[in-house]
Novice: 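If you scroll down you'll find the structure; I have some questions about it.
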There are 2 protein chains.
Amino acid sequence: MTDQKFYPEESPRFAQAVEQLKGKKVAVLGHQRPDGDCIGSIVAVVRVLKSLGIEAVGLNRDSVPASLENFVGDTPLMLADDFQPDGHVAVTVDSADFKRVGDRLNELFPEVALNIDHHISNKEYGAENIVIADACATAEILAGFFLDLGYEIDAVTAQGLYVGIATDTGQFRFPSTTPETFEIARRLCEQGANPSEAAYQLYERESFAKIQLLQHFLDSLHMEFDNRVCIGLLENGIYDQTGATIDDAEGLVDYARAIDGVDVGVLIEDRDGAIKVSLRAKDPFYRVDQVAKQFSGGGHACAAGLNVENSSIAEFQPKLIEALGEHLKTLGTEK
Amino acid sequence: MTDQKFYPEESPRFAQAVEQLKGKKVAVLGHQRPDGDCIGSIVAVVRVLKSLGIEAVGLNRDSVPASLENFVGDTPLMLADDFQPDGHVAVTVDSADFKRVGDRLNELFPEVALNIDHHISNKEYGAENIVIADACATAEILAGFFLDLGYEIDAVTAQGLYVGIATDTGQFRFPSTTPETFEIARRLCEQGANPSEAAYQLYERESFAKIQLLQHFLDSLHMEFDNRVCIGLLENGIYDQTGATIDDAEGLVDYARAIDGVDVGVLIEDRDGAIKVSLRAKDPFYRVDQVAKQFSGGGHACAAGLNVENSSIAEFQPKLIEALGEHLKTLGTEK
């Protein structure tokens, strides 16, 4: 296994792209509301470029969530608003659409030299695009490249890449988890990644406010369509009431989906009259993206979302339930 | 890596023990209230023995929890109460103390031929004892043996062993997760283990009653000692009220421990006047076993428990809080 390359076709392309970056200043851009794979991938690319003598800085529109701060270490990472470009060349990670890096970075960088991603929907907006859709995470792709090419993986890089893989696979639970995922996890641990320290930072530093938000959400859960759909609510004012942040709502909808017999879990949130809906299916068969699309939303077969302005839960929930009912009827019950 | 043995010293001992079992009927015993590592290990040993031409059956005092039923497949597995011994020889898995297999199996099998476990506290009650305390799970030990020895690992065996490892490491989050853990996970996937199918069975089939139990528990959370201790309650009658089972309480205390700044999470449960307490620490420094011991309980540095008869939450909680306060004072705040 150790002699085999993870990405025999793509690794040389990555090496060539890195070669092109030599002598340039590089800005590594991630998407808005960065997650573990985004931060881990930025950290890893910046550090590896620096180890190869290339000046590099990571940039994000939004700040690093508290649970991920510890994984940045001494990596140069800035908010887009604080950054003054000085002839920098852009590299994006984990960003399917260049719009996802946010307005200011879109303006600062009209061109992208290199786009590395694992989303099948990637729009290939770069001069060079390396998109591997069956990888579980952008971090898995990068780890594979670095290992294939013998690039230096220090402990911070290894931990960042590990965190990207662990979070994007839901701790090795999603179907994207393959034997290669475990092989890469092993190799990263050998380079200094620490699974239990990562888990502590990611999962053992919850705010009490987040627990209260979860409690309110669970209290609101109700079933529709013979328990095939489970809906939970976050009423307007809940963030003020609990002290929770918007990031704390991440993952709540999974509690609705995880119930036995439920095919689709739903979160309906009212933020000052702006309705935000998350739809999560257990199986791609349920194509929740098609329901989201009816309300100008979008997403994937198992995970989709939509936004409605100037409404309320009382007004919008019946419309959504009707659409879900029609959708389930069209699908039938046979998978 | 593939040429290296996982357990160069112990695998030959296991092979020898298996050799001794040839021509005999074997009963593979697990502990009461079986968990993923217990069921996975029983399934794996029974199947491997059968593949080697040895008659074998798995035995448990308690029935297989619903979330684990799917991993048994066509493995012969019986309740202790339904079993009639016929010269069977006992092998135990994942059972630190022979008492843990339960009264009836203790009576049926006064002797244990082979005892395989990963608990450091194992009492070595077998004629042959293979205890590897730094393994993350008994399933990890067994997988290592089978791979080292070239025993047949069919898909059900691979999945059982994978489930043992995934559950006993909290999905690769506990400090016992090592590079070898990932290597073994990879090899099991190559033999037919399916991480996402395992996760679906383990985590996506929650009962609505369990969610209600969680909601009640979260609602009861309160802090002590400058938020260093977080206590949650399950009042008497809560199982009837929600329809949840005792197994559904598993893992609730982790929500209390996971809060930022909390050193020790506590669950206090009243079951008809019998008080049951679970203590979970973030760090072994907190030695919650010492607190449990004061009330004739026990356990590990990070995970301990105790039982008190004929009491109530109102009566016992103040005593426990006082003991925790004294304990924290003795420890100081410096880890």
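First the proteins, then the strands, lettered A, B, ... as listed; each starts at 1. Remember, it's a predicted structure, so these values are computed and weren't measured experimentally.
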Novice: Using a cut-off of under 4.5 Å for heavy-atom pairs, which of B/Ser207, B/Ala199, B/Ala193 has the most such pairs with chain A?
Specialist: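 The answer is B/Ala199.
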
Novice: Find the distance between CG (B/Asp283) and OH (A/Tyr200) and round it off to the nearest 0.5 Å.
Specialist: 8.5 Å

Novice: Under 4.0 Å between a Lys/Arg side-chain N and an Asp/Glu carboxylate O for B/Glu204 and A/Arg257?
Specialist: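 Judged by the 4.0 Å cut-off on N to carboxylate O distance, B/Glu204 and A/Arg257 do form a salt bridge.
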
Novice: Looking at chain B, which one of A/Asp219, A/Thr178, A/Thr177 has the largest number of heavy-atom pairs inside 4.5 Å, strictly under?
Specialist: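 Most heavy-atom pairs under 4.5 Å with chain B: A/Asp219.
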
Novice: In Å, rounded to the nearest 0.5 Å, how long is the span from CG of A/Leu218 to CG of B/Leu218?
Specialist: 6.0 Å

Novice: Give a yes or no answer on whether the side chain of B/Glu206 reaches the backbone of A/Ala258 with a donor-acceptor pair at less than 3.5 Å.
Specialist: no

Novice: Let me know if B/Ile184 has heavy atoms under 4.5 Å from chain A in its side chain, its backbone, both or neither.
Specialist: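 Neither part, no heavy atoms under 4.5 Å.
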
Novice: Side chain, backbone, both or neither: which part of A/Tyr203 has a non-hydrogen atom closer than 4.5 Å to chain B?
Specialist: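 Answer is both: backbone and side chain atoms of A/Tyr203 are under 4.5 Å from chain B.
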
Novice: Return yes when atom NE2 of B/His119 has more than 12 non-hydrogen atoms of other residues, nucleotides or ligands closer than 6.0 Å, and no otherwise.
Specialist: yes

Novice: Just do the side-chain contact (heavy atoms from CB on, under 4.5 Å) check on A/Glu183 and B/Glu183 with the steps written out, would you?
Specialist: CA-CA 6 Å; A/Glu183 172 70 4; B/Glu183 172 69 5; 3.5 Å; yes

Novice: Hey, could you give me the CG/NZ distance between A/Asp260 and B/Lys210, rounded to the nearest 0.5 Å?
Specialist: 11.5 Å

Novice: Enter the distance from B/Gln215:CD to A/Gln215:CD here, rounded to the nearest 0.5 Å.
Specialist: 5.0 Å

Novice: What heavy-atom pair brings B/Pro179 and A/Cys189 nearest, and what distance separates the two atoms?
Specialist: CG-CB, 3.8 Å

Novice: Are A/Phe172 and B/Phe182 close enough that their ring centres sit under 6.0 Å apart?
Specialist: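 Judged by ring-centre distance (under 6.0 Å), A/Phe172 and B/Phe182 do meet the cut-off.
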
Novice: Quick one: which of A/Leu202, A/Thr169, A/Asn227, A/Leu221 has the most heavy-atom pairs under 4.5 Å with chain B, could you say?
Specialist: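 Most heavy-atom pairs within the cutoff with chain B belong to A/Leu221.
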
Novice: With only heavy atoms counted, which part of B/Tyr255 is less than 4.5 Å from chain A, the side chain, the backbone, both or neither?
Specialist: both

